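Bear in mind that the values here come from a model prediction, so they are computed numbers and not experimental data.
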Amino acid sequence: MSTRRVLIGLLAAPIAWTMHLLMSYAIIAVGCSFGWLTGTRVAIAALTVVLTLAALSSAWATLRDWPRPIRLIEWAAHTEQDEPMHAFLRGLGLLATLVFVLSIVLGGFGSLMVPLCAQAVHH
Amino acid sequence: MGAAVSILVFLVLGIGIRKRPRRDPHVDPSERVKLRAHEQPGVHEEEQTRSEHSAESRALKWVLLGGVLLPLLVIVPLFFYSVVLQGQLQPEPDPDLVVEIEGRQWWWVVRYRTADPQSLVTSANELHIPTGRRVQLRLSSPDVIHSLWVPSLQGKMDLIPGRETVTWLEADEPGVYRGQCAEYCGLQHAHMALFVIAHEPAEFDAWLANERQPVPPQESEAPQAPTGASQAADTAHEADSGTHVHSPVAGRDVFMQKGCGVCHAVRGTVARGTIGPDLTHVASRRSLAAGTLPNTRGHLAAWITNPQVIKPGNRMPRVPLTSAELHAMIAWLETLR
Amino acid sequence: MPATDLSVYDPPAEFSQEEIDRFNRTWSAPRGIFGMIRTVNNIPVAQRYMATGFAFFIAGGFMALLLRIQLGTPENTFLDAETYNQIFTMHGTTMMFLFVIPFIEAFANYMLPLLLGTRDLPFPRLTALSYWTYVFGGLFLYSSFLFGVAPDGGWFAYVPLTDREHSPAINMDYWDIGLSVAEVAAMGAAAELIVAILRMRAPGMSLARMPLFVWAMLVTAFMIIFAFTPLIVGTAMLELDRKGLTTFFMPEFGGEPLLWQHLFWVFGHPEVYIMFLPAVGIVSHVVQTFARRPIVGYPLMVIAILTTGFLSFGLWVHHMFAAGISASATTFFTATSLVIAIPAGVQVFCWIATLWAGRPVWRTPLLFVGGFLAIFTLGGLTGVMLASVPFDQQAHDSFFVVAHFHYVLIGGVLFPLFAGLYYWLPKITGRLLSERLGKWNFWLMFIFFHLTFFPMHIVGLLGMPRRVYTYQAGLGWDGYNLVSTIGAMGFAISVLLFLVNFAWSLKRGEKAGRDPWQSDTLEWSQDSPPAQAQFQMVPSVRSRHPLWDQETLAETDPQRDRLLDDMKWRPLDWRGAVVVSVLDGEPQGIVHVPGPTAAPFVMSVGFLFLFAGLLLDNVTSLLLGGVITLIALVLWFRPQRTESLALEEIPTGGTPDRLPLLVGGVRSNGFWGTIVLLLVLATALATAIASYFYIGPGVADWYPPRPPVPGFDAWGSLALTVIGAAAAGWFVNELRRGRRPRSLTPMLVVAATSAAALWLLVRAYGATGVSAAGSAYGSTVMLMLGFQMLLAILLVAMAMTGVLWGLLAPDDPRGEGVAINTSLVTAFTLASAVIVMFIVYATPYLW
């Protein structure tokens, strides 16, 4: 497994989460300024689904190439220290994915449960 | 819930503390816990490593349970609870009453919107509301950012220059609720309080009707418009000579002649200033200077005599008045109910 | 167990005493007053840095006491409103910017080379510059007290309260300028730490073997880069507004006061974790050592640190839940604020599991960790509560929040710092602190901490807002406030006890020896205090816990051992260090570490004149500052004798059994430093773009009726940027193909095109017809084009250095290094130019 793929596995989820946060914020700002309520909600839902899948697919790619039986606890408890860096970083990537996917899903679907636009208005 | 979690943490920590304490490590190197297989005679290295692994795995399971599962069980429900609650707390589209509140350094303008869009009832530092009604507050600020907070009735909402923010409140019981500016807004941020007074709806309607009334016209001994220093002197002289001791009408004239109307409005008179609070019904208010002082005769006198001592830095200048002028003015202000 | 054999640090017999003295002399810091300002070694500089930071801590604590005395009783007149506001502003500013961040960075500056097994930091002169700049910036800020004009707008400086209209005096100018200086110093130190951690580890120390404090500092340093840059851009915008040149935050010109809050909190929230993550590192070391076993779940700790670093950038809006932001936008921040509890939970349970599985010895450092766990858990819980918008709207800006963040910051940062001090001070001073006083110190601090801050939760929920200089009696707040004030006095006594303990230990403390705690990491293999020339022999790491697991720190693989021959009590006359590959820690080469010079000191004096000139609008002072800074730059970058010596001794190509000397290219420290610079610039550009769009779309009539059209000037500057980038690209491409192109011509082209582009950019700004002082739109256009102008100036300076090298020493590989770094910046400048042009000239038509 190349270093590049390992880095993608490590960084895909945090990057997906960052994009989700920034793009959602922008979509809401633009959507509310034009008053497109339904369109904005659909766009946020779609963005959430797409980025969740993107983050999960990187985790799936990592899992597919996992050399040993998949036991995270075993991996984390692995005190043998001559393991190649890749296995170490890949495990990290897998764990990161869980946290960031949770953030994306909660934030994305939560935002659909509350009023979309603030009643604050510019003078 | 919070208490339960922290007790749990201390409990787990306590087990660690209780366990096999050792002496100072730096005193005797032999106190070191044997960590590696090759240090323990008689134990086969591989076997030792394996048992180390399983001990580590056990510990890790606890980490995953306590560090991942436990927070998950707390945060996911908390998140949805919070979001649902947030949805419910949003401003109602159809409020029973709309009040505009403007934050100023360091007091509040309160304007009641009535059926007639042209006529706003302006007051200050006190918000009267009917009980059991949803009152929408439209917040703005001409100077710096303030934040409206009436702890018993509502969560904070900022008053931001250049935009209007919206919040609402509703009181179930009649009473007086204290609020205060919650965003640091400069020198006298500490003295920017506001009282919310909840009335029974009928009582509120009566209150609002009264608040809308201008000051009834009164016969004047001097022209209402400030025309010169001589008249002010005359009035003061009369007051001094005791012919009109503390006459409210004389007090009104002092008020006008000393230029108070440049900053303050008293509806029904020529005083139309907007820099300071509207004083049309000042005597009916509970406090002076945005909750700084209780509204009594003595405090009012002290405030007018030297506002900069009581609330340094506020916009009200010290206007030199003779004692008679002061008392006359107070007598008039006390009629503004 | 036989301790790790440290005899490798005894000089081998084949080296003569004369050689060993020469080696030691090369690394020793110059003596005397003049020597002091020339010193760049990490140890003496970091010691001063820490001492200065601690002095600011005492000052900030003293101010906290004044605040508490004032609030002890209702309607107290101990402080007037103006003084109170100045003091609460300076208390926050001091603790955040002048104590925690600098102190932690100083601590890392001291400990990292020891933990990593290297001899110094990659850019020692930058360390010195950071220090001097920080000292002068801090003193500059404090000098405002002398004139009674200390900043009074809060450490968060919300506009419009802090703009020219509402704060016309120079109080907030002091804050703006002094703060920018402290930030620049912090970012210099961060760049240093990143390159040190990625490149200057001991051979064999792969990422999976890095001590957790090192991991924590790596993430922290990156966070500093990404978080401080928006703040620097923001404070620059605020200062421009205050000088009347722009109108970014003024609603009457279409500006947006909330933009400041975004810029401030996108820094301010990561800042909390910037302070907390190093504490995570410290706690992990202390727990490991005193539980007498390796930490449970090392990889989980690493991932917890990494995810915390990321997530901390998605929290900032929770400081603005009461600012009328749409509910749907706040849920993302609620989600992140809650999810970040997971890595925090993992960390806490890893420590608890370690204590549980080990045999804890409750010495003072571990006591402080216990206090940390107890307090931080409570602070974390109130944090989870605050993540909920409805709850936050009640508690926000009340004393509840004051209680919450003091639980997090004192519990989560100060207690671990004290743990770290009790743990590592013996390494620094060579003597152990008194255990008895230490225990008193801990228990007093723990008890009085709760006494001070617990009542604030209650008084906050009772409705007491923050930042009030007094309150009325009879609101039910009096008793709680009095208790808090008494608690604060007790807390101050506990800090005093620490100082007594420290002073006592210097004279009477038990000698620490190399490894007083039988600990596991490399710093304990060095003398206490460490020699100026630390790691005379480069250690080889084969474990996460080298002193527990390795029988020797010497290299056991003969081939690799031979590779490192050049580094055993060598080089003799110049400072050399090893650099390794980022992931696996394989030795890649030797770098020259610059030695003593007064240039950083001179430069920070120049900065001081620049700040004063800026503050007072004094042109003479500005010019003087500019000249002094230029002189310092020349002093700094002129060719050094020791560097030439290094080039003579060690070839840059390397051979199979000899490491190369790395002076330029992708493996040199300069290249990695440039990458960090590009990260800073990219973040600054992103901040400018975000500001443009944030103010823009919501405002009616935002764009002028006739938006700017790119004319000859704009197209010309873009074309020149392309030409410069092409010349630099050609140069790098030739190098890649293994040829040795001359750097003179491409550097001349870059310098000339950049200078011309700068001139055209100024004209292009004039041609847009917008006025920065007249509208917020004009201000953002100026911000975008101004950023591009700054890039052009930077390129001119870098390329001119390259030109000088090309002229004076055409064959010198150092010139090639300069040219490579310049090329990186040209590529960035081109990308940035395209983006800026698109936004300024195309977006008005897209909207």
Side-chain angles (χ1 to χ4, degrees), chain B residues 2 5-6 9-10 12-13 15-17 19-22 24-26 29 32-36 39 55-56 59-60 62-63 66-68 70-71 75 78-79 82-83 85-86 89-90 143-145 147 149 151 155-158 160-162 165 180 182-190 312-313, chain C residues 1 3 81-82 85 154 158 160-161 166 251 257-258 292-293 296-297 300 322-324 327 331 334-335 338-339 341-342 345-346 348-350 352-353 355-363 373-374 377-378 381 388-390 393-394 396-398 463 465 467-471 516-518 548-549:
Chain B
V5 176
S6 61
V9 170
F10 288 120
V12 180
L13 194 63
I15 297 169
I17 295 167
K19 214 178 154 199
R20 293 167 301 197
R22 286 288 164 123
D24 291 357
H26 87 278
R32 279 280 308 285
V33 173
K34 305 293 180 283
L35 288 170
R36 293 284 165 244
E39 302 159 15
E56 180 93 359
L60 270 170
W62 282 105
V63 172
V68 180
L70 185 69
I75 62 176
L78 183 62
F79 175 77
S82 161
V83 165
L85 191 62
Q86 195 183 354
L89 290 181
Q90 283 300 303
D143 45 44
V144 305
I145 297 176
S147 190
W149 186 32
K156 283 171 207 73
M157 187 52 77
D158 291 352
I160 302 167
T165 50
Q180 193 165 351
E183 183 63 81
Y184 176 63
C185 55
L187 196 62
Q188 286 296 340
H189 166 56
Chain C
M1 182 192 80
E82 192 183 351
N85 293 346
Y158 274 12
L161 181 59
H166 299 97
L258 280 187
R292 324 304 299 153
R293 60 153 292 142
V296 170
L300 292 180
T331 56
T334 302
L338 289 171
V339 169
I342 294 179
V346 168
V348 168
F349 276 88
C350 280
I352 290 177
L355 288 173
W356 204 40
R359 295 167 186 193
V361 185
W362 290 88
R363 297 290 302 255
L373 283 172
T377 312
L378 282 172
L381 278 173
S388 153
V389 174
Q393 288 181 339
Q394 263 308 324
H396 184 76
D397 272 337
S398 77
R467 300 159 188 148
V468 290
Y469 76 95
T470 188
Y471 54 94
W517 317 112
Q518 281 79 57
W548 282 350
D549 296 343

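In terms of non-hydrogen atom pairs under 4.5 Å with chain B, the most contact-rich of Val346(C), Leu258(C), Asn85(C) is Asn85(C). The candidate with the highest count of non-hydrogen atom pairs below 4.5 Å against chain B, out of Glu82(C), Gln394(C), Arg467(C), is Gln394(C).
The shortest heavy-atom contact between Val63(B) and Cys350(C) is CG1-SG, 3.7 Å. Minimum interatomic distance between Ile75(B) and Ala341(C) (heavy atoms only, all atoms of both residues): CG2-CB, 4.3 Å. Across all their heavy atoms, Ile145(B) and Pro160(C) have their closest contact at CG1-CD, 3.8 Å. Trp356(C) approaches Trp62(B) most closely through the heavy-atom pair CZ3-CD1, 3.7 Å. Here the closest heavy-atom approach between residue Val296(C) and residue Ala59(B) is recorded as CG1-CB, 3.7 Å. Of all non-hydrogen atoms in Ala322(C) and Met157(B), the two that sit nearest each other are O-SD, 3.5 Å.
Inter-residue side-chain proximity for Thr331(C) and Gln86(B) is flagged as met; some heavy-atom pair is nearer than 4.5 Å. Within the 4.5 Å cutoff, side-chain heavy atoms of Ser82(B) are placed close to those of Thr334(C). With contacts defined as side-chain heavy-atom distances shorter than 4.5 Å, the pair Gln393(C)/Trp149(B) does not qualify.
When heavy atoms are compared at a cutoff of 4.5 Å, His166(C) approaches chain B solely by way of its side chain, counted from C-beta outward. Interface residue Tyr158(C): only side-chain heavy atoms are found under 4.5 Å from chain B. Contacts between Gln180(B) and chain C at a heavy-atom distance below 4.5 Å involve the side chain alone, from C-beta outward.
With rounding to the nearest 0.5 angstrom, the CG atom of Asp397(C) is 12.5 Å from the OH atom of Tyr184(B).
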